[in-house]
Amino acid sequence: MVTSDEQIERVRELVAAIPPGRVATYGDIAAAAGLSTPRTVGWIMRTDAADLPWHRVLGASGRPAAHLAERQLRLLAAEGVPVTDGRVALRTARHRFE
């Protein structure tokens, strides 16, 4: 399936809308954008997210990718996101899209 420019822009808008101190999962963003899979969000984030608050997007486990973990958790902790043992408490920090 080809990802359209509109889908890319919608994902970018959703990521930009996550406020400081909150996080969303790839699945949350995919659902809000009407995408069939969180993998599409991951692809967009890898290719077109340098100017976005990328650190506020996590996998469903609440753990960041290993290669980003130290930096991402540091940025999130600085925003007041609760982090315990390398995992974000999604129950309290998860952003709900309207």
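None of the values given here were measured: they were computed from a predicted structure.
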- Taking the side chain from Arg22 and the backbone from Arg94, do they hold a donor-acceptor pair closer than 3.5 Å? yes
- Message: Quick one: does any side-chain atom of Thr37 pair with a main-chain N or O of Thr40 as donor and acceptor, under 3.5 Å?
- Response: no
- Query: Looking at Val2 and Gln7, what are the two nearest heavy atoms and their distance?
  - Reply: O-OE1, 3.9 Å
- Task: Please round to the nearest 0.5 Å and tell me the distance separating atom CG of Leu75 and atom CH2 of Trp54.
- Result: 5.5 Å
- Message: Tell me the closest heavy-atom pair linking Pro53 and Val15, and the distance in Å.
- Response: CG-O, 3.4 Å
- Look only at the side chain of Arg87 and the backbone of Pro64, and say whether a donor-acceptor pair between them is shorter than 3.5 Å. no
- Message: For the CG atom of Leu58 and the CG atom of Leu76, what is their distance to the nearest 0.5 Å?
- Response: 6.0 Å
- For the side chain of Gln72 and the backbone of Arg63, is there at least one donor-acceptor N/O pair under 3.5 Å apart? no
- Message: Tell me whether Val83 shares a hydrophobic cluster with Val57, the cluster being built from Ile, Leu, Val, Met, Phe, Trp, Tyr side chains joined at under 4.5 Å.
- Response: no
- Query: Is any side-chain heavy atom of Val88 closer than 4.5 Å to a side-chain heavy atom of Leu73?
  - Reply: yes
- Please report the shortest heavy-atom distance between Pro20 and Glu79, naming the atom on each side. CA-OE1, 3.5 Å
- Indicate if Val81 and Leu90 have the same hydrophobic cluster label, given that clusters are the connected sets of ILVMFWY residues with side-chain heavy-atom separations under 4.5 angstrom. yes
- Message: Let me confirm one number: the CD1-CG distance from Ile18 to Leu52, rounded to the nearest 0.5 Å.
- Response: 9.0 Å
- Message: I'd like to know if the side chain of Arg12 reaches the main chain of Asp48, judged simply by a donor and an acceptor atom lying under 3.5 Å from each other, with no hydrogens or angles considered.
- Response: yes
- How far apart are the closest heavy atoms of Ala24 and Phe97, and which atoms are they? CB-CE1, 3.8 Å
- All heavy atoms of Thr92 vs all of Pro82, minimum pair found to be OG1-CG, 3.3 Å
- Note on the structure: Taken to the nearest 0.5 Å, the spacing of Leu14 CG from His95 NE2 works out to 8.0 Å
- State which residues pass ring pair (Phe, Tyr, Trp, His ring centres under 6.0 Å) with His55; sequence neighbours excluded, sorted by chain then number. none
- Note on the structure: On a heavy-atom basis, the closest approach of Ala33 and Val11 is CB-CG2, 4.1 Å
- Under a 4.5 Å cut-off applied to non-hydrogen side-chain atoms, are Glu13 and Arg10 in contact? yes
